[in-house]
Protein chains: 2
Amino acid sequence: MDWTDLQHFLALAREGTLSAAARNLNVDHVTVARRVAALEASLSLKLVDRRPRSYELTEDGKRIAKIGDPMTETAFAVERAVQASKSGIGGEITISAPPSLANVLIAPKLIRLRHLHPGIRIKLIGEKRTASLNRREADLALRLSRPTEPGLIARKIGYFEFALYGSPDYLKTTPPHAFAFVAYDSSMDDAPQQRWLMRFAASREIVLRTNDLENQAAAARTGIGLAALPKFLGEADPQLQRHDIGGRPVGREVWLVVHRDLRRAPMVRAVAGFIETCLA
Amino acid sequence: MDWTDLQHFLALAREGTLSAAARNLNVDHVTVARRVAALEASLSLKLVDRRPRSYELTEDGKRIAKIGDPMTETAFAVERAVQASKSGIGGEITISAPPSLANVLIAPKLIRLRHLHPGIRIKLIGEKRTASLNRREADLALRLSRPTEPGLIARKIGYFEFALYGSPDYLKTTPPHAFAFVAYDSSMDDAPQQRWLMRFAASREIVLRTNDLENQAAAARTGIGLAALPKFLGEADPQLQRHDIGGRPVGREVWLVVHRDLRRAPMVRAVAGFIETCLA
DNA sequence: GTCCATCTGTGCGAATTCTCACAACGAGAT
DNA sequence: ATCTCGTTGTGAGAATTCGCACAGATGGAC
């Protein structure tokens, strides 16, 4: 049995479509189709039903995929072990962080990291979707809450508060009872800063909902209303002015997360230390 | 990371040499060498030291091999699951058995099995070395004692006794105090039939030691001395005559062994049932 | 309806990979 | 000493595999 064939089949089983599996494996979708067909031939067992617009696993295929799935996990464990084995500081390291943190607090300071360790190549992923450290989509991650996945080690390395910001002109001309607001869309309704904003807004209007914090800031700058922004974003922007309100301010913790297997890797330690200084 | 590269590296780590790994994987040794080199290149990590006459794992290589080893086990589990998934009775099935059992009790009757299930292809391995059912070197195995490996299911399906045999002429002309004996070599000193023979021989001479029971039988036929042979071998041979001695006879049980994962596979059940009738 | 995005299937040329044959070398047996 | 067996290394040709470009088809948005 060809292991690569099996790898492609497992990717197909996991992702659901040839194309998604192909993206996942960084190959052409045709290759996935061919390898799955080759696996079926070598096992003399039908694993998928080829429907006009989709591949569907047969019962046998589902069973095989379930049994073979641990191979994927082990393969990732091997990759982590490899990364951990690398003694020198050099090569590529991937950092995942919420976009705003990545843009404002990390990216501008990366030049210093390059200066400290010239051999290093940094890949910074600013994504809302939390990258999986288990699957080695990233070596290090910044998160706003303590992760619960097993195998991950998290350290609280920072804290930041939110405040309401609007354009100076808007704040000067608009009475508080007429404030309009900019918020995340409803998928973020559980986030503390969103609840905080909603409670303060009460019955006043939400004029814009967007998932992107930069968009919220941009909207607030134009004078459309008030947005809840991290202070590290709002204070640095001359086109935004803080509007203080009473009560307990809301804030989020910043956690630095690393997989247990990579904890001791020199490069990971170096970069983790650097990120801590960024947030100090 | 290429899974096939990893597979080749794991085989090398397990087998110790390029050539042995190549045999194990049914490829050329050059292929193993290249794939291991490719793996090292893609991981940027040295896994083996290339010495003039051997490959030796580096510390990193040992660690990686240990971590990746479960992949091999899972791959075998997949193969077993595939075999178990095959609904019809057809295709190849591998049976492992001690050579004498294979030759005398199984092989002559296989024609009947073919008759019952024309689609079946049988691979009968008569080896002293017990094939690993876990690694799917065989689907079914006959053993002379209950196996202890986890995951295996064993049923006692037979019992046979040993007796001493020599050529009729030898037994007629030789007084018991002058008997000479044919035995297994010392690697079999723990086997019940060997201990039984040795105790009876006491100080009398062992003139031939051979691992192969057929050789023992052939030697006994020529009149060199007495050999401890299964009755199913000795009684059927007109050139051999039993020499009864007092005391408890020695015998061995016959166990039919199958991996838990294959227990319910139709073809395995069919062949297992057939083998039981062979020994009934 | 039309457009657009997404998915799978096909044919072909290019790149890669494998096997084969041969070589060199050392260990152990005779 | 010689022979045989098993090991790794090298080079070349053959076989395989892959990616690309394009096609067809479907569902959703407008």
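Note: hydrogens, waters and symmetry copies are ignored here, and every other heavy atom, side chains too, is used.
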(message) Between the base of D:dT8 and the ring of B:H29 - centre-to-centre under 5.5 Å, planes within under 30° - is that a stack?
(response) yes
(request) Determine whether the side chains of B:T4 and B:R35 contain a donor N or O and an acceptor N or O closer than 3.5 Å. (result) no
Closest nucleotide among [options] to the [X] side chain:
X     : options               : result
A:V30 : D:dA21, C:dT8, C:dT17 : D:dA21
B:T31 : C:dC18, D:dG9, C:dT6  : C:dC18
A:Y55 : D:dT8, C:dT8, C:dG26  : C:dT8

(message) Contact between A:Y55 and A:V32 at the side-chain level, heavy atoms closer than 4.5 Å - yes or no?
(response) no
(request) Report yes if the side chains of B:K62 and B:E59 come closer than 4.5 Å at any heavy-atom pair, otherwise no. (result) yes
Output the rounded distance in Å from [atom1] ([X]) to [atom2] ([N]).
X     : N      : atom1 : atom2 : answer
A:N26 : D:dG19 : CG    : C1'   : 13 Å
A:D28 : C:dG9  : CG    : P     : 13 Å
A:D5  : D:dT16 : CG    : P     : 14 Å
A:L25 : D:dG19 : CG    : P     : 10 Å
B:Q7  : C:dC18 : CD    : P     : 11 Å
B:L18 : C:dC18 : CG    : P     : 14 Å
A:D2  : D:dC18 : CG    : P     : 9 Å
B:E15 : D:dT7  : CD    : P     : 11 Å

(request) Look at the side chain of B:R50 against the base of D:dT8 and say whether a donor-acceptor pair falls under 3.5 Å; ignore hydrogens and angles. (result) no
(request) Test for a donor-acceptor pair under 3.5 Å between the base of C:dG9 and the side chain of A:R34, counting only N and O atoms. (result) no
(message) Can you tell me if A:R53 touches the phosphate of D:dG28, counting only side-chain N or O atoms and a distance under 4.0 Å to OP1 or OP2?
(response) no
(request) May I ask you to verify if any side-chain N or O of B:S54 is less than 4.0 angstrom from the OP1 or OP2 atom of D:dT8? (result) no
(message) Taking the nucleotide of DNA chain D with the nearest heavy atom to each, does A:V27 or B:A33 sit closer to the 5' end?
(response) B:A33
(message) Whether B:E40 and B:K46 form a salt bridge (side-chain N of Lys/Arg under 4.0 Å from carboxylate O of Asp/Glu) is what I want to check.
(response) no
(request) Using a heavy-atom cut-off of under 4.0 Å over every strand shown, decide if A:T17 touches base, sugar-phosphate, or nothing. (result) sugar-phosphate
(message) Nearest 0.5 angstrom please: B:D2 CG to B:L39 CG, how far?
(response) 8.0 Å
